[in-house]
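Data block below; observations after.
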Protein chains: 2
Amino acid sequence: MERPTMKDVARAAGVSPMTVSRVVAGEAGVAPGTAARVARAVRELGYQRNDNARSLRQKNLGTSAIGLVVDDLANPFYALMARSVEDQAHRRGYVVLVGSTNDDPRREREVIAAFTARRVDGLILVPTIGGHGFLRQPMQRGTRVVCVDRPARGLAVDTVTVDNRAGARRAVAHLLDRGHTRIACLGDRYDIWTQAERHAGYLDALAERGVPADPALVRHGLRSHGETHAALERLWALPEPPTALFTSNDLITLGVLDAPPRPRPVAVVGFDDLPLADRLDPPLTVVSQDPHALGATAADLLFSRIDGESAPPRDVVLPTRLLIRTPRG
Amino acid sequence: MERPTMKDVARAAGVSPMTVSRVVAGEAGVAPGTAARVARAVRELGYQRNDNARSLRQKNLGTSAIGLVVDDLANPFYALMARSVEDQAHRRGYVVLVGSTNDDPRREREVIAAFTARRVDGLILVPTIGGHGFLRQPMQRGTRVVCVDRPARGLAVDTVTVDNRAGARRAVAHLLDRGHTRIACLGDRYDIWTQAERHAGYLDALAERGVPADPALVRHGLRSHGETHAALERLWALPEPPTALFTSNDLITLGVLDAPPRPRPVAVVGFDDLPLADRLDPPLTVVSQDPHALGATAADLLFSRIDGESAPPRDVVLPTRLLIRTPRG
DNA sequence: ATGAAAGCGCTAACAG
DNA sequence: CTGTTAGCGCTTTCAT
């Protein structure tokens, strides 16, 4: 009924706990007959080693656990990232603890504290806007940290992002190429790094073509379809309403597509691809990023740090792609 | 540099480790002055309690960790479930270990073994087709288990599913109502419980209306767009090709929508809702389920078991909804 | 209100 | 090849 320990197995096999330890760890140098007796006792008792106790004693081997802290695990983008991270971790015999921050620095600290209290060997982090000084201590003490999707202000760690600014610039340039000059920019909270970057790319494109930037066309802080719809209403009410929209994340793109139709349709280009985007009428042109590559790269960096790599922090910037979709002929 | 332990804090505060333990655990019965000195030492040394060591000694409190084992974390459906589970766990001070099985019993065993080796207090499991006898031992020894999305053959545990069969029946009945009699059923691997249930619901609807079931119209084992496209080609080549399709999961629905267009369009009803389904032309009617409710219910059941609830295993079956979408007027 | 001793389950380091 | 001793970081139990 109670969980058997190595001592129980040792007694059943007529050996010392140390021998059991060696057999269970698959170490060489145990007589085949002894090993067989131990293995049989393990099977009969249904013994499974307690890996928490193990990692308590083995200071050099770590816990074989990493933490993954994302904005929102339910977001398909982060879910794909998580899956890539998990695959790599599984391959290397690590388990993954996950947590969502909801972009709330307090929750971020709670989640990270819970993870470091369990002595994870590393942390893959989509940082919130909050400060991250509290990570410095754990890092000095051996917890490796990699940021992904966004950098953490003032934290010198490996970071994997996509080129948000260039992606946004190309998207807006595409709209300019099609003759639009009144292009609105709809974004999420401006204090989210990716959103500020994409807005910068929007301005870059306008400046490149000498199109004046009209602040009335820029709306940030859109966190729901309702807020997106309200923002659209205010845009339509302008003396010179926009003829095209640049939507700065997938939720906002969906909000726009979900809004009541306009008499004169507007062109939309969105950041982040959506599953049925190419089946819409008209099909939706988007800036797509590769969440799988983000997760896999972050995991690569983390594990190479865990393996002892000690070069200065690296910034990896992955490209985006502009998927131009035209009505099917 | 090294991580400080309670002993270090004790030395710095001029007390015994036991007093530090009490202060850090927030226990009453420590003199305020002493507590303050300890708290200061904790802050100055940057001490954080090792919760693995803690749970090693505290046998009654458990590890405050649960495991979540899904088919594929990248699937938006499971990602939403995972987020609900994580929210509940966070609220209760638990951490969540996640793993994907890919519907592979071997990987499922590996993931579960890694979790029980770390002595998770509970497991929320989307079981593969494989046997689950290996769970009986850990369960007797205190690991609580709840199944979600599918039952595990021959494992008497709380299980949360949706009414797949009734949902499929209504979807197909809807197509029959619209005059279709040649309705194909496109499914994933038939050994996945939900797929067999949905197929049964498909047959139910046909039987109810006295429409003969033609085995040539049923295709299972579709795991990619390519396989779905191939299945469609064979259907179109039939002497009497189908005029409507029932697609038994979201991946297959997307595969169908992605296929080359037909001269005469076919009606499609899919299991699982998709983000832009209502903006398609024609809009897509679907059977929708609520992954959030699935996850939250499973977590509720698990935590009530962890809290000591010992009633016989319960089966919770959640409803589905048929979202009938018609062209916008 | 505080501390000393013992031990959770395991393994490093050293015998033999 | 196998066992003994000690101790990872913490808490239980019992003193004081």
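Below, chain A is the first sequence line, B the second, and so on; all start at residue 1. Note that the structure is a prediction, hence the values are computed from the model and not measured.
Dashed line: the shortest gap from a side-chain N or O of A:Thr19 to OP1 or OP2 of D:dG3 is under 4.0 Å. Contact between the side-chain N/O atoms of B:Thr34 and the OP1/OP2 oxygens of C:dT2 is found at a separation under 4.0 Å.
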Do any side-chain atoms of residues 308-316 of chain B form donor-acceptor pairs under 3.5 angstrom with protein atoms, and if so which ones, sequence neighbours left out?
unit_1	atom_1	unit_2	atom_2	d
B:Glu309	OE2	B:Ala311	N	3.2

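Under the 3.5 Å distance criterion, the side-chain polar atoms of B:Glu86 are left unmatched by any main-chain donor or acceptor of A:Gly99.
Within the 4.5 Å cutoff, side-chain heavy atoms of A:Arg107 are placed close to those of B:His90.
Look at CZ on B:Arg37: it is 12 Å from C1' on C:dA1, rounded to the nearest Å.
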Once base and sugar-phosphate atoms are separated, protein heavy atoms under 4.0 Å mark nucleotides 7-16 of chain D, 5' to 3', with B, S and - as BBBBBB----
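Of the N and O atoms on the side chains of A:Arg119 and A:Asn52, not one donor lies less than 3.5 Å from an acceptor on the other residue. Side-chain atoms of B:Thr63 and B:Asp121 include a donor-acceptor pair closer than 3.5 Å.
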